[in-house]
Amino acid sequence: MDIEKVNSMGFGEFVDVFGNVIERCPLIAAAVWSKRPFSGLGDLEKHFFAFIDGLPLSGQEGVLRCHPELAGRQPQCGRLSAESQREQSAAGLQNLGAAERLRFTELTAQYRTRFGFPFVLAVRLSDPAAAPRELARRLRCPPAQELRTALGEVKKICHLRLADLLGEQP
Ligand SMILES: NC(=O)NC1=NC(=O)NC1=O
């Protein structure tokens with residue numbers, strides 16, 4: 001899909017196509033539509049990122065809370081979005097050994113208790129084996145710093161999903 005096609009989209013089509021580039025946050029696509037025309041992928045994602053950056057703390061935490069737990073129970077219950085399902089299965093997190101999965105589940109529970117939102121990692125950009133180490137490292141970060149890190153991962157996921165939709169190299 002080229003940027004001219006994106007710029008020609010009506011509101012409904014735009015939200016249908018881009019509504020999940022930020023996991024379960026179609027409102028962001030609904031707001032970004034008003035910023036058209038876009039000059040390209042970079043310009044389009046700039047508006048998604050600016051919306052997130054402009055949110056109050058409660059809104060930024062809300063964006064993070066819309067993300068499914070990594071390697072959580074959802075995959076078995078099929079509640080993952082198609083994008084998350086693809087990303088998480090491609091990352092191999094579903095293949096964690098029993099001991100690894102237990103440690104990962106314990107750490108994600110500690111993380112959510114400490115920060116009030118799920119651990120978010122752009123799994124397509126990270127080595128699955130490194131995820132537990134990254135989680136353990138970030139678990140020790142100050143809340144304000146971790147919020148910024150987690151939102152950075154949301155933006156990486158957004159970039160990858162936009163690149164997929166526009167048929168561009170991520
Ligand atoms: N909690 C998460 O990090 N979720 C995810 N990361 C991805 O890359 N895709 C997801 O669904």
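First listed ligand is number 1; within each ligand, the first listed atom is number 1.
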K.L.:
State the atoms of ligand 1, each with its element, that fall below the 4.0 Å cut-off from a heavy-atom position in E87.
P.N.:
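Contacts of ligand 1 toward E87, numbered from 1: 7 (C), 8 (O), 9 (N), 10 (C), 11 (O).
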K.L.:
Run the contact test for P68 against ligand 1 with a 4.0 Å cut-off on heavy atoms, strictly below, and give the result.
P.N.:
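It does; at least one heavy atom falls under 4.0 Å.
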K.L.:
For atom 11 (O) of ligand 1, find the nearest protein heavy atom and state the residue, atom name and distance (0.1 Å precision).
P.N.:
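Checked against all protein heavy atoms, atom 11 (O) of ligand 1 sits closest to S84 OG, 2.7 Å.
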K.L.:
Does E23 pair with R65 as a salt bridge, N-O distance under 4.0 Å?
P.N.:
no
K.L.:
Listed by chain and number, what are the ring pair (Phe, Tyr, Trp, His ring centres under 6.0 Å) partners of F48, not counting sequence neighbours?
P.N.:
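Per chain and number, F48 pairs via ring pair (Phe, Tyr, Trp, His ring centres under 6.0 Å) with no residue.
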K.L.:
If we ignore angles and hydrogens, is there a donor and acceptor under 3.5 Å between the side chains of S84 and S81?
P.N.:
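Looking only at side-chain atoms, S81 and S84 do form a donor-acceptor pair, the distance falling under 3.5 Å.
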K.L.:
Considering only heavy atoms, which of L121, L160, T108 lies nearest to atom 3 (O) of ligand 1?
P.N.:
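That would be L121.
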K.L.:
Taking atom CZ of R124 as the centre, does the number of heavy atoms from other residues, nucleotides or ligands within less than 6.0 Å exceed 12?
P.N.:
yes
K.L.:
Just go through L125, L70, I157 and tell me whose heavy atom is the nearest to atom 2 (C) of ligand 1.
P.N.:
L70
K.L.:
Report, in ascending order of atom number, the atoms of ligand 1 lying under 4.0 Å from any heavy atom of A122.
P.N.:
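Every atom of ligand 1 under 4.0 Å from some heavy atom of A122: 8 (O).
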K.L.:
Checking salt bridge (charged side-chain N to carboxylate O under 4.0 Å, His left out) between R112 and each of E146, E61, E69, which is the one that passes?
P.N.:
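Running salt bridge (charged side-chain N to carboxylate O under 4.0 Å, His left out) over E146, E61, E69 with R112 returns exactly one hit, E69.
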K.L.:
Quick one: does ligand 1 sit under 4.0 Å from the side chain of E23, the backbone, both or neither, non-hydrogen atoms only?
P.N.:
neither
K.L.:
With a 4.0 Å cut-off, would you call E153 and K156 a salt bridge?
P.N.:
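Salt bridge flag = yes for K156 with E153.
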K.L.:
State whether the shortest distance between N or O atoms of V120 and N or O atoms of ligand 1 falls below 3.5 angstrom.
P.N.:
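No, there is no polar N/O contact under 3.5 Å.
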